[in-house]
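Here is the structure we will look at.
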Amino acid sequence: MELWQEFGGQPPIRILINYWELAPDDLRARLDALQREGFSHVSSFVPWQAFESDISHKLMKFLQAVSERRLSLSLILSPDVGVHALHSGVPRDLAASEEIHARRAGSGPCVVALAPRWHALPSLHSAEFMKRYWAFLSRFLGFLSDLDRSQSGVLRRLSVSVTGSFWKYYRSPGGGSFDSATNAAGDEGKSGSASFLKYLSEQYSQREFADPDAAAAQRWKTQSFEDVNRRHFAQSAEDQFRRQSEQILLRKYLPVPLEHLELYTPEADPAYLHTAVLQAAADGRAEFTRLSKLVDACATRETAVDRRVCRPCVQWTGFGGFQTLSDSERQFLLLKSLLLVASRGGAVFLEDREWRRLSRSFRKRADLLARRLAEGRLRLGASVIQVVPHLWSPAGGPWKEWSRLLGPEARLCSSLDVLRAHPETKLVVVDPALILRAEPARELLDWAEAGGALVLPQGPLVTESARAQISTRLGVKQGRGRAIAGRGGASRQTYELGAGKVHFYDPQATDWRDFAVSLIEEAGIRRRCQLGDGRLQTISLESESGQGLFIMNGTSRALSTDIHFAESVRVTDLALSLTDSPNPGVVEPEQVPPVEPARRFSLEVPSCGVLPLSVLNSGTATAVVAVSSELPSPEGEHAAPV
Amino acid sequence: MQHRFDWRVYQEFLTVGARGVPLAENAGPALFVAREGAVISGYSSGEDTDEWLGTSTEELRLRYAHREHRVVEEADLQKWIREALAKDHVVDQAECLRRRLGADPGGTQLSRPVAYHHFLLDGLQGWWSRVLPSNYGIYLRLERPRGVEGAPRELCLVVRGGRLESFHSPDLSGMARTDTRGDEDLVRYLSEKYLVPFQGAVIPERDWEDWSKLAEPWRLVLMALRARRARLVPFRWGLAGLLGARAYFGL
């Protein structure tokens, strides 16, 4: 069966072919090599400049070559930082115009430090830029329509993808981590500022903000709300970009399917910019740990457009820091990305040359894991979702504590559509920077009423109609609330609502530990295991028969530790269930080697190693341990330089 | 659209430190970026700088004593990055930044350079640049050992006006397809294609990798030429003389 069909059209390892830089012979040889290896799907960017100057019809020849080999193909149309072309494939005259560069107020242009040339990102707020870009999409659509008429067979296995483009890279550089408070997002250049003013005017002319009187709308535009407004504006602009891209492509008959991707390239992240340029100057290796943490940050983010969740994707380029890493470091990052995104229906993008640089045995293992993840038998759930105004800005309130306690099971989202895709979620938190409007408030209260725990910030960022609705449904005026004190100002006011609860928190609190732990326990969120060494990380995927537990050692030395479970469990090598089972992902009792059930196991995880364990349910109940505030911090014991 | 700047190919041929060389032999100074007296970012070859984020620069000076380091202000780094953006390609951009990082305005001299140059670039950009023509090309082909599968690796460098103008695998798709085309034909074809005189060299891959780890491997280069393991295409006495002068007199 073809991978394309087998994975419902979404293979989790997507091999990129840069058709525009290959001679015809070389292109055919590369496709043949991939086919021999068992791939039935390839992907490629369509660099805007390459498409516009394609006098030798390279794209057409590429499509034909792919079709002749009966490979399926997805073409990524949005300009993106991971395109191996000058200025990320943007036409030279546009890229060179400083007038339309995106900027951050304190740090100048937003720069991407990747080969073949470091460059400033153009602003997607620029009317001139966007006019040309929409024209490019229209021409591309015309190109496909022509092909559909003349060689429709070539389009049979083709799909096109739209990404979030440069938006998420409009952030201040440095700061080390993604969620650093200084790492604010948004384009503050000339075009960005003009669009921002227009957004403010349009947004706050809506009736909901003019309640109780027209003067109330002015309150939302004041300086004190600037950061909040910029976040909302950044998300709104990105969503609008996606919608408009789709509208243009669907305006006429698009002869192929279209999908939305949330594609992220850690090597191009602004938080990594300083390190990337210093590394290039020092001619050294990339900082593995930093890249690994960026994957963690990306894995907690999820977005949707018009009720469709955008597939989370990570791209590792062959022309950035990734390719300077050692084999084991690259393998570790690939496996980690694969586990974190493919278990949520996403994919890892990698150029064919980088894929072939990996050892044959690793490629085989990764491919096998990818297949199992694509089948959906191992899923990464979202226990806690924090709704934020902008996905790629640092989150506030108790976010760091959720993230510390639950790892990738805590999720940030910029759209409530994500919540609909996660029926397993037990706790929804509203970020302190989110302006809560009536309709989302109603949706959230309905969700809580059905049995969830909703956590809302106290404060002024609620419209009058939303406030009235919350007040009425919770009986705030009747004093039905119950105050619960906490350390560091993290007290909360709790209300019952149907089968669920609504909690109000003070966003000014400083210590979120007790707050987060108590809410997690109340919501019935459990962690199955605890590791004795904070340098190790776990990714826990749910399967039908229990749990796939991946213990990740991202350090440069082997680590020995104990793993504790609340109840006796049987633990076996997950690799067994991945390879031998007639029901892949499910461990049959007769397959399990005779390992005695226990609550504690000793493990040794090699440097840059990933230890896959299968934790088997005992009867119907799965062993769990309650989350405690004493869980080791991921950074806690990592004091010595590696 | 062939890439004029193929960073991967460049790195495969002309990078000293990225792969496999022991840290102690070529580690440059650690580099940190500070904002308002606190470290916000950094890079140190072979070390993780994450734990130093948020540390005050004073504390860093006291505690980071095991390795030479330099702290630059974020505003300066941003200025240098903007300066580098004007350069044509990543090699020139990195070099531009390297020069800035190496020149400490405080007067403290770093005992080691920020990065070591590859021996070939060191040669071309040093004294030789006075005697070499201002426009020329270099074609390098690395032959794989016998029994190892795969096509040989190739690099094409074009220098114009003394500046590295492009670096990539040669595009030979326009060359007449004959089974008998030799290295001389290939170099002649490249000269005609890029309109600059080309010098070719065919070298065993293992020799090249060994030489690339050294600052001055010129004697080994001469020995390989003499032993006919490596060859110049075409052989030019003038160039051989330059190699000899570099190998034995350091010129």
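In what follows, chains are A, B, ... by sequence order, proteins preceding strands, each numbered from 1.
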Under the side chain to side chain donor-acceptor pair (under 3.5 Å) rule, collect the residues that match up with E36(B), sequence neighbours excluded.
none
Side chain, backbone, both or neither: which part of [X] has a heavy atom under 4.5 Å from chain B?
| X | answer |
| --- | --- |
| V111(A) | side chain |
| E98(A) | neither |
| D54(A) | neither |

Is chain A contacted by the side chain of [X], its backbone, both, or neither, given a heavy-atom distance below 4.5 Å?
| X | value |
| --- | --- |
| L31(B) | both |
| A75(B) | neither |
| A86(B) | backbone |
| S44(B) | backbone |
| E74(B) | side chain |
| K87(B) | backbone |

Over all atoms of both residues, closest heavy-atom pair of [X] and [Y]:
| X | Y | result |
| --- | --- | --- |
| D50(B) | E287(A) | N-OE1, 4.4 Å |
| R98(B) | A281(A) | NE-O, 2.5 Å |
| D283(A) | Y116(B) | OD2-O, 4.2 Å |
| T275(A) | G42(B) | OG1-O, 3.2 Å |
| H274(A) | S41(B) | CB-OG, 3.3 Å |

Do NZ/NE/NH1/NH2 and the carboxylate oxygens of R357(A) and E12(B) come within less than 4.0 Å?
no
I'd like to check [X] versus [Y] (side-chain heavy atoms, cut-off strictly below 4.5 Å). Are they in contact?
| X | Y | result |
| --- | --- | --- |
| V90(B) | F319(A) | no |
| L101(B) | L278(A) | yes |
| L85(B) | W118(A) | yes |

Hydrogens and angles aside, do D48(B) and T289(A) bring a side-chain donor and acceptor to less than 3.5 Å of each other?
yes
Could you tell me the separation between the CZ atom of R8(B) and the CD atom of Q323(A), rounded to the nearest 0.5 Å?
7.5 Å
From H89(B) atom NE2 to L86(A) atom CG, the distance as rounded to the nearest 0.5 Å
10.5 Å
For [X], I'd like to know if atom [atom1] has over 12 heavy atoms of other residues, nucleotides or ligands within 6.0 Å.
| X | atom1 | result |
| --- | --- | --- |
| R82(B) | CZ | yes |
| R92(A) | CZ | no |
| L62(B) | CG | yes |
| E216(B) | CD | yes |

Examine distances only and state if a side-chain atom of Y43(B) and a backbone atom of R285(A) form a donor-acceptor pair shorter than 3.5 Å.
yes
Any side-chain to backbone donor/acceptor pair from Q93(B) onto R117(A)? Under 3.5 Å, distance only.
no
Can you pull out the residues in residues 154-162 of chain B with any heavy atom less than 4.5 Å from chain A?
none
Given L53(B) and R290(A), is the side chain to side chain contact (heavy atoms under 4.5 Å, CB included) satisfied, shown in steps?
CA-CA 11 Å; L53(B) 302 185; R290(A) 194 78 58 86; 4.3 Å; yes
So which of A280(A), G318(A), A113(A) has the largest heavy-atom pair count under 4.5 angstrom toward chain B?
G318(A)
